[in-house]
Amino acid sequence: MPTAVIVGAQWGDEGKGKIVDFLTEEFNFDYVVRFQGGCNAGHTVVVGDEKYILHQIPSGILHKNKKCIIGNGVVVNPESLLKEIETLINKGVEINDNLFIAKHCHIIMAYHIAIEEQLEKSKKIGTTKKGIGPCYTDKIARNGVRMVDLLYPAVLKSKIHANLEIINFLLENLYHTEPLNGEEIFNQYMIYADKLKKYIADTDILINEAIDSGKNVLFEGAQGTLLDIDHGTYPYVTSSNTVAGGACTGAGVSPKKIDSIIGIVKAYTTRVGGGPFPTEMKDELGESIRQKGGEYGATTGRPRRCGWLDLVGLKHSVRVNGFTGIAITKLDILDGIEKLKVCVGYRYGNTVLEEFPKEIEILENCIPIYEELPGWKDSTKGIKNYEELPGNAKKYLEFIEKSLKVKIQIISTGQKRDEIIIKE
Ligand code: GTP
């Protein structure tokens with residue numbers, strides 16, 4: 001697979017980090033590209049006894065001789081990016097000429113964070129309050145500050161002052177809080193500019209040249225399909241296109257150049273923050289899955305809501321992404337559960353829905369229709385060979401495969417890199 005896109009098929013936190021990390025090595029990807037989102041994402045990758053949490057840098061950075069690219073679709077928080085670079089370097093990871101940031105990436109400014117803090121007080125979308133939404137808002141409104149502006153101080157300064165005219169008006173008159181000082185922000189961002197300028201590049205050219213010269217390129221998504229700004233459970237979504245198509249716009253490559261699209265599916269479902277979640281388990285079993293699966297946000301530590309696998313949502317995900325294969329993660333977390341439920345449809349009033357509704361009000365009131373499958377007692381933890389899985393675990397996987405009509409190519413059976421089954 002010379003080029004592959006990896007995306008989350010549910011509401012994020014499916015374990016993309018581990019799969020990207022594994023594939024990077026196994027299939028010898030030369031480049032790993034992040035194409036959307038910001039430091040609200042948190043991939044956890046465990047290598048040996050060391051745990052790495054990556055927010056903005058592609059997880060390929062943990063491998064030697066791989067080039068990592070932060071594509072133009074990402075919104076960069078320079079302060080947290082510099083901290084991430086420093087933390088990785090302190091852990092012995094090399095970061096020099098292996099990291100590139102798109103010139104046309106938008107930058108999260110101090111005022112984006114200030115505004116989001118105020119917005120979240122009234123709207124309660126459950127954002128991470130890191131300024132991601134307001135940064136994307138400015139991008140679409142054509143007021144954004146881009147990475148390339150860090151190289152041109154006069155441009156940076158005038159953009160900051162122009163934007164602050166509106167922001168400070170809102171902060172003072174609508175939110176009754178202190179205005180921000182444009183000069184202080186400018187000086188702070190010039191310090192970031194000094195440290196980050198060596199990474200700023202024409203990444204679209206870099207990526208296309210790499211593909212054209214036969215290099216293997218992996219596009220790494222963050223969050224998940226049901227959080228996509230267009231195809232997710234709007235307005236309880238993130239501010240970017242998390243679907244596979246986002247890799248093309250967020251990196252600057254043609255759809256013609258994408259060979260594989262792999263959907264990452266957690267063996268059950270989780271969701272962070274507000275929004276509809278038909279298969280949510282609000283009982284003891286849900287709590288025990290949360291504990292066993294460590295379902296707490298990698299960035300915020302917030303407990304994740306847990307529920308049964310939802311094939312209605314996943315079918316939607318298969319359609320809008322066009323998965324060529326899927327990877328099932330965290331199968332081991334379901335070990336020991338006597339009966340497993342899988343949602344195959346929704347009941348809404350007197351009707352049965354087989355498609356994921358666009359109307360949030362309908363989705364909020366859907367009652368899942370479950371198929372019950374027998375669980376398995378034996379541990380699947382660390383199994384590397386499909387044939388060694390308990391019979392009922394295989395039946396569970398086959399049921400998913402048959403319902404979604406997409407091949408399961410990878411099954412993850414633990415946190416570690418080698419706790420994995422390659423099915424093909
Ligand atoms: P986002 O981009 O924020 O959605 O992150 P993500 O999809 O990379 O998921 P994240 O790393 O936040 O969460 C997955 C967690 O599950 C991490 O702690 C992984 O180490 C862990 N994990 C991944 N695969 C498996 C698995 O098969 N079994 C177990 N037990 N843990 C796993």
Side-chain angles (χ1 to χ4, degrees), residues 4-23 41 43-44 219-228 231-233 242-244 246-247 260-272 277-281 289 293-295 304-335 337 340-344 356 368 370-371 373 375 380 383 386 389 393-415 419-424:
V5 179
I6 305 287
V7 295
Q10 295 147 313
W11 278 292
D13 308 314
E14 297 92 351
K16 294 176 290 296
K18 170 181 165 170
I19 302 297
V20 170
D21 176 65
F22 170 79
L23 290 177
H43 293 312
T44 312
F219 298 90
E220 170 181 359
Q223 292 99 26
T225 300
L226 304 182
L227 291 172
D228 183 277
H231 302 287
T233 49
T242 57
V243 294
S260 310
I261 302 169
I262 301 168
I264 313 297
V265 177
K266 187 156 24 186
Y268 46 97
T269 313
T270 60
R271 149 156 233 176
V272 178
F277 181 1
T279 63
E280 183 170 13
M281 284 188 252
I289 288 179
E295 298 297 352
R304 294 175 185 151
R305 298 155 68 193
C306 297
W308 296 114
L309 193 73
D310 185 346
L311 292 177
V312 184
L314 281 172
K315 273 186 197 158
H316 167 67
S317 194
V318 168
R319 181 180 306 117
V320 294
N321 286 295
F323 296 140
T324 54
I326 53 182
I328 300 282
T329 61
K330 295 194 143 182
L331 187 70
D332 53 303
I333 303 303
L334 299 182
D335 292 352
I337 300 177
L340 298 169
K341 289 186 187 175
V342 179
C343 172
V344 293
F356 198 64
Y370 287 116
E371 187 107 0
L373 300 178
T380 61
I383 290 185
Y386 187 75
L389 285 174
K394 282 190 230 164
K395 280 191 191 142
Y396 185 71
L397 296 169
E398 281 155 18
F399 187 82
I400 299 171
E401 203 166 48
K402 221 169 131 198
S403 310
L404 297 180
K405 301 189 183 75
V406 185
K407 273 204 164 154
I408 296 176
Q409 295 177 313
I410 298 171
I411 301 147
S412 174
T413 56
Q415 260 195 319
E419 294 176 318
I420 206 157
I421 298 168
I422 302 293
K423 233 184 121 205
E424 281 192 329

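The analysis underlying the following values was restricted to heavy atoms, covering all of them including side chains, and did not include hydrogens, waters or symmetry mates. Start at 1 with the first residue, then count along the sequence. Computed from a prediction, not measured in an experiment: that's the story for all the values here.
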Can you list the steps and then say if V344 with S403 is a side chain to side chain contact (heavy atoms under 4.5 Å, CB included)? CA-CA 9 Å; V344 293; S403 310; 5.7 Å; no

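- Taking each heavy atom of S317 and A9 in turn, the nearest pair found is OG-O, 2.9 Å.
- Looking only at distances, no side-chain donor or acceptor of N321 sits under 3.5 Å from a matching main-chain atom of V243.
- Here the straight-line distance linking atom CD1 of I400 with atom CD1 of I408 works out to 5.0 Å at 0.5 Å rounding.
- Rounded to the nearest 0.5 angstrom, R304 CZ and E280 CD are separated by 14.0 Å.
- Between L331 and I383, the closest side-chain pair of non-hydrogen atoms is not below 4.5 Å.
- Remark: the backbone N or O of G293 is paired with a side-chain donor or acceptor of K330 at under 3.5 angstrom.
- Exactly one of I262, V7, L404 qualifies for a side-chain contact (heavy atoms from CB on, under 4.5 Å) with F323. That residue is V7.
- In this structure, T269 OG1 and E14 CD are separated by 9.5 Å, a value rounded to the nearest 0.5 Å.
- A distance of 9.5 Å separates CD of E220 from CG of D21, quoted to the nearest 0.5 Å.
- Across all non-hydrogen atoms, the minimal contact from P278 to P368 is O-CG, 3.2 Å.
- The two atoms that bring Y268 and G307 nearest to each other are CB-O, 3.4 Å, heavy atoms only.
- Of all heavy-atom pairs between F277 and C306, the closest is CZ-C, 3.8 Å.
- Side-chain contact check for S412 and K18: at least one donor-acceptor pair (N or O, by modelled atom type) lies under 3.5 Å.
- The distance from atom CD of E398 to atom CG of L373, rounded to the nearest 0.5 Å, is 11.0 Å.
- No option in R271, R305, K266 other than K266 meets the salt bridge (Lys or Arg N to Asp or Glu O under 4.0 Å) test with E295.
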Would you please test T329 and K16 for side chain to side chain contact (heavy atoms under 4.5 Å, CB included) and show each step? CA-CA 9 Å; T329 61; K16 294 176 290 296; over 6 Å; no

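- Across all their heavy atoms, W11 and L227 have their closest contact at O-CD1, 3.2 Å.
- Counting only residues at least two apart or in different chains, side chain to side chain donor-acceptor pair (under 3.5 Å) contacts with residues 307-316 comprise D310-Y346.
- Taking the side chain as every heavy atom from C-beta outward, Q10 and L309 approach each other to under 4.5 Å.
- Counting heavy atoms from C-beta on, the side chains of I422 and I410 come closer than 4.5 Å.
- No donor-acceptor distance shorter than 3.5 angstrom exists from the side chain of T324 to the backbone of S260, with no hydrogens or angles considered.
- Partner of I264 under the side-chain contact (heavy atoms from CB on, under 4.5 Å) criterion, chosen from I6, D13, I326: I6.
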Checking side chain to side chain contact (heavy atoms under 4.5 Å, CB included) for the pair K423/I411: CA distance, chi angles, key distance, verdict? CA-CA 8 Å; K423 233 184 121 205; I411 301 147; 4.1 Å; yes

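- Looking at heavy atoms from C-beta onward, T279 lies in side-chain contact with Y370 at the 4.5 angstrom threshold.
- Residues meeting the ring pair (Phe, Tyr, Trp, His ring centres under 6.0 Å) test with Y396, sequence neighbours left out: W376.
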CA sep, side-chain torsions, deciding dist, call: D228, V320, side chain to side chain contact (heavy atoms under 4.5 Å, CB included): CA-CA 10 Å; D228 183 277; V320 294; over 6 Å; no

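- Here the OG1 atom belonging to T380 is positioned 9.5 Å from the CD atom belonging to E419, to the nearest 0.5 angstrom.
- Residues meeting the side chain to side chain donor-acceptor pair (under 3.5 Å) test with E371, sequence neighbours left out: none.
- For the pair F399/L311, a side-chain contact is recorded, criterion being any heavy-atom separation below 4.5 Å from C-beta on.
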